[in-house]
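Report on one structure; see the data block that follows.
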Amino acid sequence: TAEPFTQPALVHTVASGWNNYTPIPYQKSCRIVADPGWGQYYQWVYSTFPPRVRLPTFRQTLEAAERAALEAANRRLEVSGPFLPPTPGEQVEQRDLVIHAGAECVIQRTTGPAALRTLRLKFDPPVGPTDRQLLRELTLQIRWDEEEAPSVWAPLGDFFGTAAGANPYRSLPSGLTEDGWWYCHWYMPFTRKYDLRLVNQGRVDRRLHFEWVTAPIRGDLTRMGRFHAKWHRDALLPKEPERAIDWTLLRTEGTGRYVGVLLHVWNPRGGWWGEGDEKFHVDGERFPSTFGTGSEDYFGYAWGDATLFQNAYHSQTLAMDNRGHVSINRWHVSDNVPFQRSFAAYLEKYLSNQRPTLYACTVYWYVSPDGIDPYPPRPLDERVGYWDEAQLQGRGANVRRNEAIGAGPSAALHPSAP
C-alpha cells in the first residue's frame with residue numbers, strides 16, 4: 001500500500017497469491033530483504049540488460065513524471081478489450097463468414113511487410129460455456145510468408161485463451177467479452193504475406209463475423225520473430241524415467257521469446273491438480289534457470305483456490321471447484337523470457353492420465369524465421385471426446401454455483417471497458 005506500489009492493475013491479490021508488476025530498475029545490483037513472517041513462497045523475476053544500457057535507480061518516492069507514467073500504465077492495464085486505440089496507417093477489414101461443415105474459409109493478403117495487430121470475431125448465434133466440442137471442432141491456422149506448415153494452429157476457443165467452452169474474461173493480449181467478442185492483440189509481423197484459415201471439422205455450418213487489423217511495421221523487421229501458437233496434449237514428453245512428472249509446455253529451437261500459455265485441465269475426480277513447479281530450460285541448460293514453487297504460483301494465485309479471476313497478465317476463466325474443467329492462463333508480457341538457441345518449458349504433473357487428470361495447452365511464442373516449431377496440427381479425435389461429463393453427476397450446489405459464475409466474471413471488474 002506504500003508508494004509506488006499503489007496501482008491496482010500492477011499490484012493485486014488473487015486468492016492467497018500476491019502479485020506485483022511494478023518495475024524496480026537498478027544499474028549495478030539489487031538486494032531484496034523480507035521481514036520475519038513475510039510468507040512462505042516467493043518468485044522474483046528479473047531481466048539483465050547489456051552493459052551499455054543505462055537504467056535509473058529505483059526510488060520509493062517518485063517524481064511527478066514518474067508517477068504519471070505509472071498511473072498511465074495502470075489505466076492501460078485496467079481496461080482490456082477487443083478495440084484498441086487506432087494507429088496511423090492501420091487497415092481494419094471485416095467479413096461475415098459461413099464456415100460449412102467439413103470446409104474452411106481462407107483469407108490471404110500480400111501486403112507485407114506489415115503485422116496483424118488484432119483478430120476479433122463474434123458467433124451468430126452466440127456460443128456459451130457448454131459449447132465445448134463446437135469450439136474444438138473449429139480451428140484457426142496462420143502461415144507467414146512461404147511457410148508450408150502453419151505457425152499458428154489451435155482450436156478456436158483455446159487460441160483466444162480459454163477452454164473448454166466460451167468463458168468470458170478480459171486480459172491484455174486476449175479475451176472474450178460478456179457480449180460475445182473474442183479478441184487477440186498479439187503482434188504478428190510478416191515479410192510478404194499471410195494465409196489465415198478458419199477450418200470447421202464439425203457436422204454443422206457455423207456463422208460468424210470476423211474482423212482483422214493490419215498495421216505497418218514499426219522498427220526493424222529483421223529483428224522480429226514470427227508469432228507461433230500451438231495446441232497439444234502430451235506432446236514431446238521427456239523420455240528419461242527420472243523426469244516422468246515433467247509435462248512439456250513448449251520445446252523449440254532458434255532465437256525468440258516465450259510469451260505465455262493457456263492450460264486446460266480435465267480433473268473429474270476433483271482435488272488439487274496442480275502441485276507441480278514450472279521449469280524453463282534456456283539455450284540447452286541442464287538445470288532450469290527458472291524453477292517455480294507450484295503451478296498455482298506460476299499462474300498468479302495460491303493454495304489450489306477455485307476462485308475465478310481476470311487480470312492483464314493472468315486469469316482463471318473456469319474452475320468448477322477444481323472438479324471437472326479448469327481453464328487458466330499466464331502471459332509473459334512484462335516478464336521477459338528470451339532465448340538465443342533453444343527453449344524448453346515444463347510443468348510438473350503429479351496426477352496421472354489414468355486417474356484421470358488430463359492436461360491440454362496452447363502455448364505462445366516468437367521465434368526467428370529459421371526456427372524450429374515441432375508441433376503439427378492435431379486430429380479432431382484428439383481434441384474432443386476425452387472428457388466424460390457424466391462423471392460429474394452428483395456434484396454439490398457449491399460446485400454448480402461455481403460453474404455458473406464461470407459463465408462470466410463480473411463486469412464490475414472492468415467498469416470502463418469498451
Side-chain angles (χ1 to χ4, degrees), residues 9-10 21 72-94 107 109 111 113-122 140-142 144 151-163 166-190 194 196 198 208-219 221 224-231 256-262 310-315 317 327 329-337 362-366 409 413-414 416-418:
L10 294 168
Y21 290 99
N74 184 78
R75 288 194 299 271
R76 174 66 188 89
L77 295 178
E78 278 190 320
V79 184
S80 300
F83 301 101
L84 295 178
T87 59
E90 73 175 26
Q91 293 182 328
V92 181
E93 301 178 78
Q94 53 187 300
I107 297 172
R109 288 290 182 273
T111 57
L116 284 175
R117 193 186 74 141
T118 292
L119 303 176
R120 55 180 175 253
L121 61 88
K122 260 189 173 184
L140 172 73
Q141 55 184 264
I142 308 176
W144 308 120
S151 289
V152 175
W153 184 94
L156 199 60
D158 298 66
F159 173 78
F160 288 97
T162 185
N167 312 299
Y169 82 101
R170 297 188 186 216
S171 73
L172 186 68
S174 62
L176 169 61
T177 65
E178 294 77 7
D179 61 349
W181 278 108
W182 301 78
Y183 69 89
C184 160
H185 297 313
W186 292 112
Y187 189 77
M188 298 179 270
F190 56 94
Y194 65 84
L196 186 153
L198 293 165
L208 54 87
H209 177 76
F210 186 67
E211 297 184 0
W212 64 104
V213 181
T214 307
I217 290 291
R218 304 192 185 282
L221 180 60
M224 298 181 186
R226 298 301 179 263
F227 180 72
H228 289 242
K230 290 294 178 69
W231 181 94
R257 179 178 173 183
Y258 169 60
V259 293
V261 62
L262 156 73
Q310 54 183 358
N311 290 287
Y313 299 139
H314 58 118
S315 305
T317 66
S327 175
N329 58 49
R330 165 77 184 271
W331 313 127
H332 293 280
V333 176
S334 66
D335 46 347
N336 197 15
V337 188
T362 300
V363 65
Y364 308 77
W365 77 103
Y366 291 86
L413 293 177
H414 298 275
S416 58

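Predicted model, so just to flag it, every value in this text is computed and none were measured.
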For [X] and [Y], which heavy atoms make the closest approach, and how far apart are they?
{"X": "Ser151", "Y": "Lys230", "value": "O-CE, 3.5 Å"}
{"X": "Gly157", "Y": "Trp182", "value": "CA-CZ3, 3.7 Å"}
{"X": "Pro173", "Y": "Ala312", "value": "CD-O, 3.7 Å"}
{"X": "Ser171", "Y": "Ser80", "value": "O-CB, 3.2 Å"}
{"X": "Ile217", "Y": "Pro113", "value": "CG1-C, 3.8 Å"}

Exercise for review: Check the pair Phe83, Trp181 against ring-ring contact (aromatic ring centres under 6.0 Å, His included), reporting the backbone distance first and the verdict last.
Suggested key: CA-CA 10 Å; Phe83 301 101; Trp181 278 108; 5.4 Å; yes

Flag, side chain of [X] to backbone of [Y], donor-acceptor distance under 3.5 Å:
{"X": "Asp158", "Y": "Thr362", "answer": "no"}
{"X": "Ser327", "Y": "Ala163", "answer": "yes"}
{"X": "Gln91", "Y": "Thr214", "answer": "no"}
{"X": "Arg257", "Y": "Gly225", "answer": "no"}

Practice item. Please report the C-alpha distance between Glu93 and Ile107 in whole Å, then the side-chain angles of each, then the deciding distance to 0.1 Å, and finally whether the side chain to side chain contact (heavy atoms under 4.5 Å, CB included) criterion is met. Key: CA-CA 11 Å; Glu93 301 178 78; Ile107 297 172; over 6 Å; no

Point to revise | Of all pairs that satisfy salt bridge (charged side-chain N to carboxylate O under 4.0 Å, His left out), the ones with a partner from residues 208-219, not counting sequence neighbours | key: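 For residues 208-219, and leaving out neighbouring residues, the salt bridge (charged side-chain N to carboxylate O under 4.0 Å, His left out) pairs sorted by first residue read Arg120-Glu211.
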
Which value, rounded to the nearest 0.5 Å, describes the distance between [X] atom [atom1] and [Y] atom [atom2]?
{"X": "Tyr187", "Y": "Thr118", "atom1": "OH", "atom2": "OG1", "result": "11.5 Å"}
{"X": "Asn311", "Y": "Glu78", "atom1": "CG", "atom2": "CD", "result": "10.0 Å"}
{"X": "Asn167", "Y": "Ser315", "atom1": "CG", "atom2": "OG", "result": "11.5 Å"}
{"X": "His228", "Y": "Tyr366", "atom1": "NE2", "atom2": "OH", "result": "10.5 Å"}
{"X": "Gln94", "Y": "Trp212", "atom1": "CD", "atom2": "CH2", "result": "8.5 Å"}

Exercise for review: Just do the side chain to side chain contact (heavy atoms under 4.5 Å, CB included) check on Leu77 and Tyr313 with the steps written out, would you?
Suggested key: CA-CA 9 Å; Leu77 295 178; Tyr313 299 139; 3.6 Å; yes

Under a 4.5 Å cut-off applied to non-hydrogen side-chain atoms, are [X] and [Y] in contact?
{"X": "Leu208", "Y": "Leu198", "result": "yes"}
{"X": "Val259", "Y": "Trp186", "result": "yes"}
{"X": "Phe159", "Y": "Leu262", "result": "no"}
{"X": "Phe190", "Y": "Arg109", "result": "no"}
{"X": "Tyr183", "Y": "Arg170", "result": "yes"}
{"X": "Leu196", "Y": "Leu140", "result": "yes"}

Practice item. Taking side-chain contact (heavy atoms from CB on, under 4.5 Å) as the test, write out the residues that go with Ala73, two or more places apart. Key: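 Expected list: none.
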
Practice item. Go through Phe160 and Leu121 one step at a time and tell me if the side chain to side chain contact (heavy atoms under 4.5 Å, CB included) criterion holds. Key: CA-CA 10 Å; Phe160 288 97; Leu121 61 88; 3.9 Å; yes

Practice item. In sequence, state the C-alpha distance, the side-chain angles, and the governing distance for Leu84 and His185, and then conclude on side chain to side chain contact (heavy atoms under 4.5 Å, CB included). Key: CA-CA 9 Å; Leu84 295 178; His185 297 313; 3.5 Å; yes

Point to revise | Sub-6.0 Å ring centroid separation between Trp331 and Tyr364 | key: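 Distance test on ring centres: under 6.0 Å, yes.
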
**Study point:** Aromatic plane relationship, Tyr258 with His332 - under 30° parallel, 30 to 60° tilted, over 60° perpendicular
**Key:**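 Ring orientation, 0 to 90° scale: tilted.
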
